[in-house]
Amino acid sequence: MTGGDSAAPQPQRGQAGWQDPGPRDVVRDRQNPDLLTPPSTDAGTLPNLRFSFSDAHTRIQRGGWTREVTVRELPIATELCGVDMALEPGAYRELHWHQQSEWAYVSRGSCRISAVDQEGRNFLDDLRAGDLWFFPKGVPHHIQALDEGVEFLLVFDDGAFTENGTFLISDFFAHTPKDVLAKNFGWRPEQLDSLPEREKYIFAGEVPPPLERDRVVSPTGDVPRTLSHRLLAQQPRRFPGGQVRIADVNQFAAATTICAALVEVDPGGMRELHWHPTDDEWQYYISGHGRMGVFASTGVAGTFDMRSGDVGYVPFAYGHYIENLGNEPLVFLEMFRKPRFEDISLTQWMANTPPQVISDTLNLPREMIEALPRDKRPLVR
C-alpha cells in the first residue's frame with residue numbers, strides 16, 4: 001500500500017510532523033498508531049518491547065504446528081520466552097524433556113499430559129481451556145490432544161530457549177546403537193527394526209481412552225504436588241476496572257520458577273501505573289487490544305500497541321501501565337521468573353507516604369493526595 005490513501009494515519013501531532021507519502025505499510029501503521037504518532041510524553045529510545053506471534057516462523061508437521069518468540073525475535077526478553085502450539089485431535093507432542101522448566105496455559109480445546117519424576121512417581125491429567133501445567137526442568141513428559149484438539153502457550157524460564165532444541169525420546173533412540181538399546185531394555189536387536197530414524201516431535205495419533213484407562217500405577221506413587229492447576233476455578237479479585245487471578249506458589253505449589261497473573265481489563269479500564277521490584281515481566285495478550293506505556297528512567301519513555309497474539313516485555317523496575325482501548329475486555333497474562341507475584345503500586349506508595357512530601361514534590365494540593373486509596377487496586381477506571 002502507498003500513502004495515497006486519504007484515510008491513512010499520518011506522523012503528525014498538532015503542528016509537528018508531516019505526511020508520509022509512502023512507500024509504507026498502512027495496515028501496520030494503523031495497528032501501531034502509538035509508534036507512528038507517539039504521545040508527546042514519549043521520549044528517548046527504548047528497545048522494542050513487543051513482538052507478535054503472527055510475525056514468528058511456524059513449524060508445520062502432520063498433527064499440528066508450533067511457533068516461538070525467544071530472545072532471537074525479542075532481544076530484550078532474556079528471562080522468559082514463549083511457544084504457541086496446536087495439536088489436532090489425538091496428535092502428540094512426543095515424549096521429551098528440557099533443561100528449562102515449562103509453564104503452560106491452555107488457550108482452547110483439551111489435552112492429556114503425563115510426567116514421571118526422578119523417583120519414578122508419575123502424573124496424569126486432562127486439561128481444558130484456562131488450565132495450567134508446570135513441568136520442572138529435566139522431568140520427562142508428553143502432551144496429547146483430546147477429541148476437540150488443543151492450542152496452548154508454553155513459557156520457559158530462559159529467554160534463549162528454543163523448542164527445536166528439546167530432548168526427544170525418538171531422537172535419543174535414533175542416536176543410540178541398537179545393541180545398546182537391546183542390552184538396556186532386555187530386547188533383541190532384531191525387534192528394533194521399526195524404530196524411527198529421526199525425531200518425530202509432533203505426530204498424528206488416536207484420541208486417547210478415558211483417563212482412568214490410561215492411568216499407570218507406579219510402585220513409588222504419584223508426584224507429591226499436582227503438576228496442573230485450574231486457574232479459572234479461582235475466584236478472581238475484582239476491581240472497578242476489571243479482575244485478576246494470580247497463580248504463584250501460594251495457589252500452584254509445583255510452579256516454583258514461574259508465576260503468573262491472568263488480567264482482564266474492562267473497556268475504559270487500565271492496569272494501574274506500577275512496576276515489579278525484582279523481575280522482568282513477560283506478557284501474552286489473549287484477546288482485545290490496548291496500549292502499554294513504559295517509563296525507563298532518565299527521561300526515557302515509550303508506548304506500544306497490543307493485540308491478541310502479541311508478546312510484551314517490561315524489564316524489572318520499569319514503570320508501566322496497560323490501557324484497554326477497545327469495546328471488549330483486554331485479557332492478558334503477566335509472567336515472571338520467580339515463585340511469587342510482586343508489584344509496586346504507584347498509587348499505594350503515594351497514599352502511604354506523608355502527604356505533604358508528595359504535595360511538595362508534585363505541586364499538588366495536599367487534599368488530593370490524602371484522598372488516594374491506601375490499599376492496592378491493580379485495575380482502575
Side-chain angles (χ1 to χ4, degrees), residues 57-68 70 83-102 104 109-127 133-147 149-152 154 156 158 160-223 227:
H57 169 77
T58 303
R59 178 177 177 178
I60 299 175
Q61 295 199 212
R62 177 67 178 89
W65 55 262
T66 183
R67 53 192 178 181
E68 63 186 18
T70 72
V83 176
D84 183 18
M85 185 177 293
L87 303 173
E88 68 179 27
Y92 290 92
R93 169 66 172 94
E94 77 153 284
L95 293 153
H96 66 284
W97 69 99
H98 310 284
Q99 292 177 310
Q100 298 82 8
S101 296
E102 174 182 306
S110 57
C111 62
R112 180 162 299 170
I113 61 172
S114 75
V116 177
D117 73 5
Q118 63 273 20
E119 303 294 334
R121 298 171 297 194
N122 61 4
F123 179 80
L124 187 73
D125 198 11
D126 287 348
L127 282 72
W133 75 71
F134 182 82
F135 296 130
K137 62 182 180 180
V139 170
H141 53 278
H142 95 286
I143 308 157
Q144 186 179 15
L146 297 178
D147 55 4
V150 68
E151 182 177 358
F152 47 87
L154 303 174
F156 296 90
D158 180 356
F161 168 86
T162 174
E163 260 290 291
N164 299 317
T166 56
F167 294 86
L168 305 172
I169 191 171
S170 60
D171 195 27
F172 194 8
F173 270 52
H175 291 87
T176 303
K178 287 184 179 178
D179 62 323
V180 173
L181 292 171
K183 184 182 294 186
N184 186 79
F185 296 109
W187 299 332
R188 298 189 309 277
E190 60 269 22
Q191 292 178 300
L192 307 179
D193 290 341
S194 62
L195 285 177
E197 296 181 358
R198 60 186 62 85
E199 69 174 42
K200 298 182 77 170
Y201 186 74
I202 289 174
F203 61 98
E206 299 294 326
V207 173
L211 187 66
E212 290 306 314
R213 285 175 52 192
D214 243 2
R215 199 175 297 280
V216 177
V217 178
S218 169
T220 53
D222 298 336
V223 296
L227 300 180

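The figures that follow rest on heavy atoms only: side chains count, while hydrogens, waters and symmetry mates do not.
- Residues meeting the salt bridge (Lys or Arg N to Asp or Glu O under 4.0 Å) test with D171, sequence neighbours left out: none.
- Here the rule is side chain to side chain contact (heavy atoms under 4.5 Å, CB included) with C111, and of D126, V150, D125 only V150 fits it.
- Rounded to the nearest 0.5 angstrom, I60 CD1 and T58 OG1 are separated by 6.0 Å.
- A distance of 9.5 Å separates CG of L168 from CG of L95, quoted to the nearest 0.5 Å.
- Under the salt bridge (Lys or Arg N to Asp or Glu O under 4.0 Å) criterion, D222 pairs with no residue at all, not counting sequence neighbours.
- With sequence neighbours excluded, the residues forming a ring pair (Phe, Tyr, Trp, His ring centres under 6.0 Å) with Y92 are F203, listed by chain and number.
- By the salt bridge (Lys or Arg N to Asp or Glu O under 4.0 Å) test, E190 pairs with R188, sequence neighbours left out.
- Counting only heavy atoms from C-beta outward, the side chains of L87 and F152 approach each other to under 4.5 Å.
- Annotation: side chain to side chain contact (heavy atoms under 4.5 Å, CB included) contacts of P140 (sequence neighbours excluded): W97.
- Rounding to the nearest 0.5 Å gives a distance of 7.0 Å between CG of N122 and OG1 of T220.
- L124 meets the side chain to side chain contact (heavy atoms under 4.5 Å, CB included) test with R112, S114, L211, D214, R215; sequence neighbours excluded.
- Here the options are E163, E151, R67, R59, the test is side chain to side chain contact (heavy atoms under 4.5 Å, CB included), and the partner is M85; only E163 passes.
- Closest heavy-atom contact between T70 and F161: CG2-O, 3.1 Å.
- Distance alone, capped at 3.5 Å, places no donor-acceptor pair between the Q100 side chain and the D158 backbone.
- Going from atom CZ of R93 over to atom NZ of K200 covers 13.0 Å, rounded to the nearest 0.5 Å.
- Considering all non-hydrogen atoms of both residues, G63 and A91 come closest at O-CB, 3.2 Å.
- To the nearest 0.5 Å, atom CD of residue Q144 and atom OG of residue S110 are 11.0 Å apart.
- Annotation: salt bridge (Lys or Arg N to Asp or Glu O under 4.0 Å) contacts of E94 (sequence neighbours excluded): none.
- Taking the side chain to side chain contact (heavy atoms under 4.5 Å, CB included) definition, one finds that R198 meets it with nothing, sequence neighbours left out.
- Shown here are the ring pair (Phe, Tyr, Trp, His ring centres under 6.0 Å) partners of Y201, two or more places apart in sequence or in another chain: there are none.
- How far NE2 of H57 is from OG1 of T66: 9.5 Å, rounded to the nearest 0.5 Å.
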Result block: side-chain N/O donor-acceptor pairs under 3.5 angstrom for residues 179-187, not counting sequence neighbours:
none

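- Of all heavy-atom pairs between P196 and A174, the closest is O-CB, 3.8 Å.
- Considering all non-hydrogen atoms of both residues, D147 and P89 come closest at O-CG, 3.6 Å.
- With sequence neighbours excluded, no residue satisfies ring pair (Phe, Tyr, Trp, His ring centres under 6.0 Å) with W65.
- Residues satisfying the side chain to side chain contact (heavy atoms under 4.5 Å, CB included) criterion with E102, sequence neighbours excluded, are H96, H98, W133, F135, H141, I143, L154, F156.
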